[in-house]
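Take a look at the structure below.
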Number of protein chains: 2
Amino acid sequence: MDEQERMEQGTGEILHPDLISSVNQDMPDEEMLYDLAELFRIFGDSTRIKILYVLFEAEMCVCDIAELLHMTQSAISHQLRVLKQSKLVKFRREGKTIYYSLADDHVRTIIGMGMEHLCE
Amino acid sequence: MDEQERMEQGTGEILHPDLISSVNQDMPDEEMLYDLAELFRIFGDSTRIKILYVLFEAEMCVCDIAELLHMTQSAISHQLRVLKQSKLVKFRREGKTIYYSLADDHVRTIIGMGMEHLCE
DNA sequence: ATATCATATGAACAGATGTTCAAATGAAAG
DNA sequence: CTTTCATTTGAACATCTGTTCATATGATAT
């Protein structure tokens, strides 16, 4: 009844009201979905993917990563900051240099999933 | 020798030359890493994540999705185009309406991985 | 202290991205 | 054919994002 009335009100946009309310109940809350998108957004940049891939192999300092990727040390530092904020990498200081490494194995798994999807 | 010379040439940026060349060999090619980033970039938007999540439950037409997400039908259509191009969703026509659904189970797995990472 | 080196940071700029609006398909019904 | 409805499309616009450049930390060595 409600839905039928709305359908006649002018917009006339609702085709399957029952389906809509059913799906609506099973949706995670807005915030969770936002956080999820935000997580993937971090992986959605070549430079950051490369940095993470490099750290697959070994912990490494900023200038080494910059050299490896043929990029400015500043650019790398900015991106490491993003990765740090998302808890995807961690770091330790040793004198003047700072060594970065993967925060945990989730990074490997997620990137692995992506690779699998591509290779098909 | 080579590396030492370069270190003294001026920039003085290379700290661990051996590590660099070792890691360099194990890196996937540029294009693969770019595609990988591109794939994740698709997941890195709230609207697209929501659309995918909705399609977890059932195939659905454009105006239903728009209604469900409280968004313009045009905005949804634009995003479905992106998802279509990335082969993440497929569609079938039935008269005037077009029904979209997930292309395969990889989408579920990848989003599942992201969720797992968040819930820790 | 001063110099040097590794890294971080802030402002600025160019390029990418998402939504909106208006208009165009494309299929069914009158 | 014309109308209606679901969807697509293109241009315009505002916002976001990544890199660069110049400068600031912060630690070591002289």
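In what follows, every chain begins at residue 1, and chains take the letters A, B, ... in the order their sequences are listed. In this text, all values refer to a predicted model and were calculated from it rather than measured experimentally.
- Base engagement by A:S74 is indicated by at least one non-hydrogen atom pair under 4.0 Å involving a base atom.
- Closest approach to the B:V62 side chain among D:dT9, C:dA8, D:dT8 is made by D:dT8 (side chain taken as heavy atoms from C-beta onward).
- The cationic group of B:K90 does not satisfy the cation-pi geometry with B:Y100, failing either the under 6.0 Å distance to the six-membered ring centre or the 45° limit from the ring axis.
- A donor N or O paired with an acceptor N or O is found under 3.5 Å between the base of C:dA8 and the side-chain atoms of A:Q73.
- Among the atoms of the strands shown, base atoms are found under 4.0 Å from some heavy atom of A:S77.
- For the pair A:S101/A:L55, no side-chain contact is recorded, criterion being any heavy-atom separation below 4.5 Å from C-beta on.
- The closest donor-acceptor contact from the side chain of B:R48 to the backbone of B:R41 lies under 3.5 Å.
- B:Q79 has a side-chain polar atom (N or O) that falls below the 4.0 Å cut-off from OP1 or OP2 of C:dT19.
- Here the side chain of A:T72 is nearest to one of D:dT20, D:dG26, C:dC21, namely D:dT20.
- Contact check, A:R41 against D:dT17: a side-chain N or O comes under 4.0 Å of OP1 or OP2.
- Under 4.0 angstrom from either OP1 or OP2 of C:dA6 there lies no side-chain N or O belonging to A:T97.
- Of all nucleotides listed (C:dT9, D:dT7, C:dT7), D:dT7 comes nearest to the side chain of B:C63.
- In this structure, B:R81 and A:R48 both approach DNA chain D, and ranking their closest nucleotides by distance from the 5' end singles out B:R81.
- Judged by distance alone with a 3.5 Å cut-off, a donor-acceptor contact links the side chain of A:H78 to the base of D:dT20.
- In terms of phosphate contacts, A:Y100 brings a side-chain nitrogen or oxygen within less than 4.0 Å of OP1 or OP2 of C:dA8.
- Picking from C:dT7, D:dA6, C:dT20 the nucleotide with the shortest atom distance to the side chain of B:K96 gives D:dA6.
- Distance from the side chain of A:I98 is smallest to C:dT7 among C:dT7, D:dA11, D:dT8.
- In the displayed structure, A:Y99 atom OH is contacted under 6.0 Å by more than 12 heavy atoms of other residues, nucleotides or ligands.
- For the pair A:R108 and A:F56, the cation-pi test (distance below 6.0 Å, angle within 45°) is passed.
- Contacts of A:F91 with the nucleic acid, taken as non-hydrogen atoms under 4.0 Å apart, are absent.
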